[in-house]
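Any value given below was found using the heavy atoms of this structure, including those in side chains, with hydrogens, waters and symmetry copies removed.
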Number of protein chains: 2
Amino acid sequence: MKLSKKSEYGLRALLELTLAYEASSFVQRHDIAARQHIPIEFLEQILLALKRAGLLSSRRGMNGGYRLIKPPSLITLGQVIRILDGPLAPIGCVSRTAYQKCDDCPYAGQPSCPVQQAMGTVRDAIAGILDNYSLADFAAGARKP
Amino acid sequence: MKLSKKSEYGLRALLELTLAYEASSFVQRHDIAARQHIPIEFLEQILLALKRAGLLSSRRGMNGGYRLIKPPSLITLGQVIRILDGPLAPIGCVSRTAYQKCDDCPYAGQPSCPVQQAMGTVRDAIAGILDNYSLADFAAGARKP
DNA sequence: ATGTTTGTTGACAAACTCACTTAACTATTA
DNA sequence: TAATAGTTAAGTGAGTTTGTCAACAAACAT
């Protein structure tokens, strides 16, 4: 039930991009890395994955950097974590976005599988929170009053 | 956000012990292993951990095996998963049972840390479900009507 | 007592994942 | 063209997961 460093860094990086969104300015990887204490080369991989997934755009050369493509209110933590960490579901057989049937479970496929019932509830709770938690909400907690 | 095989096996093994609880009979590891398709030597480690944590008792020799120490209604999935997988919280800084402060987060310690806010909500949801989900509830889904 | 059944313990290891690092490459702009 | 900045593939060391193996200890039936 753990969030990887990759996702944590990803969220923190997107926080920086969210704060810069209104100015619609590009933020460079080394600025993000410095402000959020993220190893820069690892950060690149993360930003690249988010770019490939269609959340970011980038510009090369001087004054280049990364920028959000969509408003922060339209990007959810659920999307981000699925991109960087895979499905939210604790177990494959209850995932909606990446279902995989159990191979060894004696109740496999049956709707009466107790593991599926319990973990399905957990999945719904997690997805219910993270899919309704936008980057805008996320950043709101970060601004100093 | 994933449940390990260890925890999954553990829950499935406890399912067998729950079904045998009323008869207060001992169930042998190879019966559990066979019925639930769990590698027997791995299962041992799991049962041993659950025993050390005070959920099970065991008896050696003929007609030996494992048995629940407490009624299934008093054991929660949350307890089991914490024993086998560690804290439920997605990140150390929001764990109630195993708190650990972030080292690299620029908001570390501050109540306004956005990661902490979001993941705290998730933790509460997961714990709210799993700490109120007993083995009895769990097994109820398994009995054929 | 003896042998069989069963659980106990600890060491080990293959496979995989995580968290990065290295290094070469490509594109953009001043 | 020189400097800046992002792109990509590959590699790496540490740690975790998922087991396996072998020797051992206790309980029981006979």
Walking along DNA chain D from 5' to 3', note the first and the last nucleotide with an atom under 4.0 Å from a heavy atom of chain A, and give both.
D:dT4 to D:dA10
Using whole Å, what does the distance between atom C1' of nucleotide C:dA19 and atom CG of A:Leu84 come to?
13 Å
Encoded 5' to 3' (Watson-Crick or G-U under 3.5 Å; [ ] crossing; | other strand), DNA chain D becomes ||||||||||||||||||||||||||||||
Take the protein atom CZ of B:Phe42 and the nucleotide atom P of C:dG10, then report the distance between them rounded to whole Å.
18 Å
Main-chain N/O of B:Gln117 paired to B:Thr121 side chain as donor or acceptor, under 3.5 Å
yes
How long is the line joining CG of A:Asn63 and C1' of C:dT28, in whole Å?
11 Å
Verdict with reasoning, B:Val94 to B:Val122, per side chain to side chain contact (heavy atoms under 4.5 Å, CB included):
CA-CA 9 Å; B:Val94 299; B:Val122 172; over 6 Å; no
Hey, does the side chain of A:Tyr9 come within less than 4.0 Å of C:dC20's phosphate (OP1/OP2), counting only N and O?
yes
Can you pull every protein N or O that's under 3.5 Å from an N or O on nucleotides 11-13 of chain C?
none

Counting distance only, does the side-chain N/O of A:Asp137 pair as donor-acceptor with the main-chain N or O of A:Ser134 below 3.5 Å?
yes
Whole-Å distance, B:Tyr66 OH to C:dT5 C1', equals 13 Å
In this structure, would B:Phe42 and B:Val27 fall into the same cluster of hydrophobic residues linked by side-chain contacts under 4.5 Å?
yes
Report all side-chain donor-acceptor pairs from residues 58-71 of chain B shorter than 3.5 Å, counting only partners two or more places apart or in another chain.
| residue | atom | partner | partner atom | Å |
| --- | --- | --- | --- | --- |
| B:Ser58 | OG | B:Lys51 | NZ | 3.1 |
| B:Arg59 | NH2 | B:Asn63 | O | 3.2 |
| B:Arg67 | NH1 | B:Ser24 | O | 3.4 |

One should read off an interatomic distance between B:Lys6 NZ and B:Leu43 CG, to the nearest 0.5 angstrom, of 12.0 Å
Whole angstrom value for the distance that separates P of C:dT6 from CD1 of B:Ile32
13 Å
Do A:Leu17 and A:Ile32 make a side-chain contact, defined as non-hydrogen atoms from C-beta onward lying under 4.5 Å apart?
yes
Can you find a heavy atom in the side chain of B:Leu15 that is under 4.5 Å from one in the side chain of B:Gln36?
yes
The reported gap from CD1 in B:Ile81 to OH in B:Tyr133 (rounded to nearest 0.5 angstrom) is 11.0 Å
Could you check whether A:Asp104 pairs with B:Arg12 (Lys NZ or Arg NE/NH1/NH2 to Asp/Glu carboxylate O, under 4.0 Å)?
yes
Around B:Lys5, counting heavy atoms of other residues, nucleotides and ligands shown, do more than 12 lie under 6.0 Å from its NZ?
yes
Separation of A:Gln28 atom CD from C:dT29 atom C1', in whole Å?
12 Å
Which pairs, with at least one residue in residues 107-133 of chain B and sequence neighbours excluded, count as a salt bridge (charged side-chain N to carboxylate O under 4.0 Å, His left out)?
B:Arg82-B:Asp131, B:Arg96-B:Asp124
Determine whether a donor-acceptor pair (N or O, by modelled atom type, separation under 3.5 Å) exists between the side chain of A:Gln116 and the backbone of A:Cys93.
yes
Can you find a pair of side-chain heavy atoms, one from A:Glu16 and one from A:Asp31, that are under 4.5 Å apart?
no
Residues from residues 51-62 of chain A sitting under 4.0 Å of DNA chain D, heavy atoms only?
A:Lys51, A:Arg52, A:Ser58, A:Arg59, A:Arg60, A:Gly61, A:Met62
Rounded distance in Å - CD1 (A:Ile40) to C1' (C:dT22)
14 Å
Take A:Glu41 and A:Lys5, find for each the nucleotide of DNA chain C with the closest heavy atom, and name the residue whose nucleotide sits nearer the 5' end.
A:Lys5
